[in-house]
Trainee: 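Okay, handing you the structure first.
All of these numbers come straight from a predicted model, not from anything done at the bench. Below, chain A is the first sequence line, B the second, and so on; all start at residue 1.
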Amino acid sequence: MMTPNKRLILEERSKYCPRCGKGPLIEDSMRGELLCSNCGYIIKENEISTRPEWRAFTKEEREEKSRVGMPSSLAIHDRGLATKLGANRRDASGRRLKPSERRRIKRMDMWDRRSQMQVPLHRNLLQALTELDRIADKLNIGDDLVEKAAYIYRKALKKDLVKGRSISSMITASIYATCRESSTPRTLKDVAKASGIKRKDLARSYRLILRELDLKMPVVDSVKYISKISSKSGISEKTARRAISILQKAKDSHISTGKNPQGLTAAALYIACTLEGETATQKAIAAAAGVTEVTIRNRCKSLQRLVS
DNA sequence: TAAGATAAGAGGGACAT
DNA sequence: ATGTCAGTCTTATCTTA
């Protein structure tokens, strides 16, 4: 009972990162985040702790939450709390609320007000999150990533990063950042296309977010792109595996750092094709990977030295 | 027709001024 | 703050097998 709330949180969690499986997890008390010291992954549930007091309630809250209908979602512009405590004291399905639930909602409401979300900001968020849904749908990314993107956007908004820039470009950048963070293979190009933002602008906004929010991204693993590219250009499983081993070698010899991962992957696939006697044109692979043939050739030059 | 070569230009990071 | 530099990637065009 004497345990401070902070420690309570930490003890409830696994000591290992859910993504990379390593750790240890450390707490960034400045931002109230729990993150992996190995890969920088921010453990999602702790996002809520930008409003630290909530953490005190976790245990009971969690049980209560499940009884009170819609979960509070970061991807809803007001976290789903728009409906203030109504006069009739009933929830959405008409049930009477228990006094304890009423108190809780009132408290959440209070924090909502205190969170200095002024009306223009609300409007901004609403617009951004509408856009977020639309783009996320096109990109086929899951709800958890949508939540994460919404979280990043909120942070950007709080830091006034959106001021002077378009909402679309910033929410798009948030989405891209989310993909990178979770190692979901979506390229700048993919995301730009889905949103209608120019690649250049997206890249700029993304870098801004990265810098200002101090986000650390895992190094993108070119192997992740193998299946995407090989299936698009109809390359066999066997050849794809060969390409993976080539990429592995490339990684070990450090020629892959600083190179466009799609280009590298495309080149590895091309070389694998020639080694396996499979016919595939540079053109086809380049198209599938979203890079030019020239890039493939350039990567091939350094990769071929490894293979031979 | 596929692949290689070459050249020009865009955009950004690093570093110095 | 601004400019330069090295390096990457893209587009375009020409040549080669």
Side-chain angles (χ1 to χ4, degrees), chain A residues 40 152 156 159-166 168-170 172-181 185-226 228-230 232-236 239-240 242-243 246-247 249-308:
Chain A
I152 291 176
K159 269 205 141 192
D160 265 355
L161 300 184
V162 190
K163 212 167 256 177
R165 277 168 271 266
S166 78
S168 315
S169 71
M170 290 305 283
T172 307
S174 304
I175 295 171
Y176 179 67
T178 307
C179 291
R180 286 292 298 268
E181 187 172 50
R186 299 288 183 281
T187 65
L188 268 177
K189 218 181 216 172
D190 293 337
V191 182
K193 198 172 151 209
S195 69
I197 299 290
K198 284 203 227 62
R199 199 198 99 119
K200 180 177 69 174
D201 298 332
L202 169 58
R204 218 201 307 272
S205 303
Y206 168 68
R207 275 192 304 274
L208 178 82
I209 285 181
L210 223 54
R211 194 169 55 244
E212 293 299 321
L213 300 187
D214 237 355
L215 299 180
K216 299 276 177 284
M217 294 302 175
V219 179
V220 22
D221 185 4
S222 13
V223 174
K224 291 238 173 201
Y225 286 107
I226 287 272
K228 198 174 168 189
I229 299 172
S230 61
K232 246 193 204 173
S233 51
I235 290 172
S236 74
T239 308
R242 181 106 189 217
I246 293 175
L247 282 181
K249 259 190 236 169
K251 218 180 289 175
D252 295 341
S253 58
H254 301 115
I255 64 167
S256 58
T257 54
K259 302 293 189 294
N260 180 354
Q262 291 96 258
L264 198 68
T265 308
L269 275 169
Y270 179 71
I271 292 178
C273 279
T274 62
L275 290 175
E276 296 285 330
E278 193 164 332
T279 53
T281 66
Q282 289 182 0
K283 199 174 179 180
I285 296 178
V291 299
T292 62
E293 299 152 68
V294 180
T295 302
I296 291 186
R297 291 197 278 269
N298 288 336
R299 293 298 121 251
C300 276
K301 277 178 201 154
S302 37
L303 281 183
Q304 239 139 15
R305 256 178 276 137
L306 284 178
V307 179
S308 55

Trainee: How would you list, by chain and number, every residue that makes a side-chain contact (heavy atoms from CB on, under 4.5 Å) with A:Thr172, sequence neighbours excluded?
Mentor: A:Ile135, A:Val191, A:Ser195, A:Ile197, A:Leu202

Trainee: What do the steps show when you test A:Leu215 against A:Arg180 for side-chain contact (heavy atoms from CB on, under 4.5 Å), and what is the final call?
Mentor: CA-CA 11 Å; A:Leu215 299 180; A:Arg180 286 292 298 268; over 6 Å; no

Trainee: For A:Tyr270, give me all partners under side chain to side chain donor-acceptor pair (under 3.5 Å), at least two apart in sequence or on another chain.
Mentor: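 None.
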
Trainee: Show every salt bridge (charged side-chain N to carboxylate O under 4.0 Å, His left out) that has at least one partner inside residues 289-301 of chain A, sequence neighbours left out.
Mentor: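 Qualifying pairs: none.
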
Trainee: What is the distance, to the nearest angstrom, from the CG atom on A:Leu202 to the P atom on B:dA10?
Mentor: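 That distance rounds to 21 Å.
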
Trainee: Rounded to the nearest Å, what distance is computed from the CD atom of residue A:Gln282 to the P atom of nucleotide B:dA3?
Mentor: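 My rounded result for the distance is 5 Å.
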
Trainee: Can you tell me the distance, in whole Å, between the CZ atom of A:Arg299 and the C1' atom of B:dA3?
Mentor: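 My rounded result for the distance is 17 Å.
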
Trainee: What does nucleotides 10-17 of chain C look like as a protein-contact string, B for base, S for sugar-phosphate only, - for none, at under 4.0 angstrom between heavy atoms?
Mentor: BBB-----

Trainee: Residues two or more places apart in sequence or in another chain: which of them pass side chain to side chain donor-acceptor pair (under 3.5 Å) with A:Lys251?
Mentor: A:Asp221

Trainee: Just to verify, what does A:Thr178 make a side chain to side chain donor-acceptor pair (under 3.5 Å) with, not counting sequence neighbours?
Mentor: none

Trainee: Restricting to side chain to side chain donor-acceptor pair (under 3.5 Å), what partner residues turn up for A:Arg186, sequence neighbours left out?
Mentor: none

Trainee: Going by the salt bridge (charged side-chain N to carboxylate O under 4.0 Å, His left out) test, which pairs reach into residues 263-285 of chain A, not counting sequence neighbours?
Mentor: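 Matches after skipping sequence neighbours: A:Lys238-A:Glu276, A:Arg242-A:Glu276.
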
Trainee: Identify each atom pair where a protein N or O and an N or O of nucleotides 12-14 of chain B are less than 3.5 Å apart, giving names and distance.
Mentor:
unit_1 : atom_1 : unit_2   : atom_2 : d
B:dG12 : OP1    : A:Arg207 : NH2    : 2.9
B:dG12 : O5'    : A:Arg207 : NH2    : 3.2
B:dG13 : OP1    : A:Arg207 : NE     : 3.0

